[in-house]
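Some notes on the structure that comes next.
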Amino acid sequence: MENFPAFSPGALARLEEIKKKYPPGRAALMPALHVAQEDFGWLKPEALKAVAEYLELPEMTVRSTATFYSMYRHKKTGRNVIRLCTNVSCLVLGARTLKGILEGLYGLAPGNTSPDNRFSLEIADCIGACGSGPAMLVNDDLHTGLDAKKVIEVLENYK
Ligand code: FES
């Protein structure tokens, strides 16, 4: 295993696996950014630099890819990240009510983190669950068919 002290040993092991799967260069960039995001919590400048060094890519290439896609975070988040879909299907099915609950109960405004650092809220354009909305992701977990009661029950599982 190569020596890249910016990454945790676990992250470095995952990066090694990614490097084996993809040809050298940009092909491994997006999965490597996911690993860095999990390892650092968000893609702060040190994380982008570490990915650039690890993949031997220009920092500008890494930064431009990281800022292009909405699934990469560029500021510190709470322990759990909620991505609430507010696109048409979910909006019609009640996403606005859920947004109000998140704001009222947890102090969550879109793009912000709750005062207790438990949750951050991002608004998503669509998370691929249009037929069973309203829907949200909490970290990597998809929750569908939400209503005022269910959203609170779901969030109780994330401390
Ligand atoms: S519109 Fe909400 S998941 Fe697609």
Side-chain angles (χ1 to χ4, degrees), residues 4-15 17-19 22 25-88 90-91 94-130 133-144 146 151-152 154-159:
F4 287 93
F7 293 109
S8 68
L12 208 46
R14 290 175 62 201
L15 288 168
E17 287 305 309
I18 289 168
K19 217 173 188 181
Y22 293 91
R26 292 180 185 206
L29 179 52
M30 291 182 68
L33 285 170
H34 279 289
V35 171
Q37 180 165 272
E38 284 176 31
D39 203 33
F40 287 80
W42 59 293
L43 290 178
K44 55 184 161 184
E46 299 93 302
L48 296 177
K49 187 174 181 342
V51 169
E53 285 173 3
Y54 186 80
L55 294 178
E56 298 177 34
L57 290 172
E59 276 186 61
M60 184 53 73
T61 301
V62 173
R63 185 171 298 111
S64 59
T65 300
T67 54
F68 182 80
Y69 295 99
S70 64
M71 70 271 201
Y72 298 121
R73 296 190 295 272
H74 301 286
K75 67 180 191 179
K76 194 172 183 330
T77 61
R79 293 188 297 282
N80 303 287
V81 178
I82 300 168
R83 299 190 76 216
L84 176 69
C85 175
T86 59
N87 209 335
V88 178
C90 287
L91 202 60
R96 188 172 287 132
T97 301
L98 302 182
K99 195 171 157 205
I101 289 169
L102 295 176
E103 188 147 13
L105 279 184
Y106 299 96
L108 277 171
N112 286 336
T113 297
S114 58
D116 61 2
N117 203 41
R118 186 172 160 204
F119 296 113
S120 292
L121 175 62
E122 296 173 2
I123 298 300
D125 283 335
C126 181
I127 55 175
C130 319
M136 69 178 180
L137 286 164
V138 183
N139 306 327
D140 293 330
D141 307 327
L142 177 64
H143 300 281
T144 59
L146 296 168
V151 73
I152 295 167
V154 164
L155 291 179
E156 279 309 301
N157 296 314
Y158 297 90
K159 298 298 180 190

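Remember, predicted model here, so these are calculated numbers, not experimental data.
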From [atom1] ([X]) to [atom2] ([Y]), nearest 0.5 Å:
| X | Y | atom1 | atom2 | result |
| --- | --- | --- | --- | --- |
| Tyr69 | Leu33 | OH | CG | 10.5 Å |
| Lys99 | Leu91 | NZ | CG | 8.5 Å |
| Met60 | Leu48 | CE | CG | 10.5 Å |
| Ile127 | Leu137 | CD1 | CG | 4.0 Å |

### Query
Can you list the steps and then say if His143 with Val138 is a side-chain contact (heavy atoms from CB on, under 4.5 Å)?
CA-CA 8 Å; His143 300 281; Val138 183; 3.8 Å; yes
To check you understand the geometry: which heavy-atom pair defines the closest contact between [X] and [Y], and what is its length?
| X | Y | value |
| --- | --- | --- |
| Ala27 | Pro31 | O-CD, 4.1 Å |
| Ala52 | Glu59 | CB-CG, 3.7 Å |
| Cys90 | Ala135 | SG-N, 3.5 Å |
| Ala32 | Ile18 | N-CD1, 4.1 Å |
| Ile123 | Pro110 | CG1-CB, 3.6 Å |
| Phe119 | Leu155 | CZ-O, 3.6 Å |

Measure from the side-chain N and O atoms of [X] to the backbone N and O of [Y], and report whether any donor-acceptor pair falls under 3.5 Å.
| X | Y | value |
| --- | --- | --- |
| Asp39 | Phe7 | no |
| Gln37 | Ala47 | no |
| Tyr106 | Leu121 | no |
| His34 | Tyr72 | no |
| Thr67 | Arg63 | yes |

### Message
For the CG atom on Asn157, are there more than 12 heavy atoms of other groups (residues, nucleotides or ligands in this structure) within a distance under 6.0 Å?
### Response
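Enclosed: over 12 neighbouring heavy atoms sit under 6.0 Å from CG of Asn157.
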Taking C-beta and beyond as the side chain, do [X] and [Y] meet within less than 4.5 Å on heavy atoms?
| X | Y | value |
| --- | --- | --- |
| Tyr22 | Leu29 | no |
| Leu108 | Glu103 | no |
| Thr61 | Arg26 | yes |
| Met136 | Val151 | yes |
| Leu43 | Arg73 | no |

### Task
Using side chain to side chain contact (heavy atoms under 4.5 Å, CB included) as the criterion, point out the one residue from Leu55, Val35, Val51 that pairs with Leu15.
Val35
### Task
Would you tell me whether Asn139 and Tyr158 have side-chain atoms, one donor and one acceptor, within less than 3.5 Å of each other?
no
### Query
Does Lys49 come within less than 4.0 Å of Glu53, counting only side-chain N to carboxylate O?
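A salt bridge links Lys49 with Glu53.
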### Task
Can you run down the salt bridge (Lys or Arg N to Asp or Glu O under 4.0 Å) pairs that involve residues 117-129, sequence neighbours left out, and say none if there aren't any?
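Residue pairs passing salt bridge (Lys or Arg N to Asp or Glu O under 4.0 Å), neighbours aside: Arg83-Glu122, Arg118-Glu156.
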#### Entry: For Ser120, the option from Thr113, Asn112, Thr77, Asn80 that meets side-chain hydrogen bond (donor to acceptor under 3.5 Å, both in side chains)
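Option passing the side-chain hydrogen bond (donor to acceptor under 3.5 Å, both in side chains) with Ser120: Thr113.
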### Query
Can the positive tip of Lys76 be found less than 6.0 Å from the middle of the six-membered ring of Phe40, inside 45° of the ring normal?
no
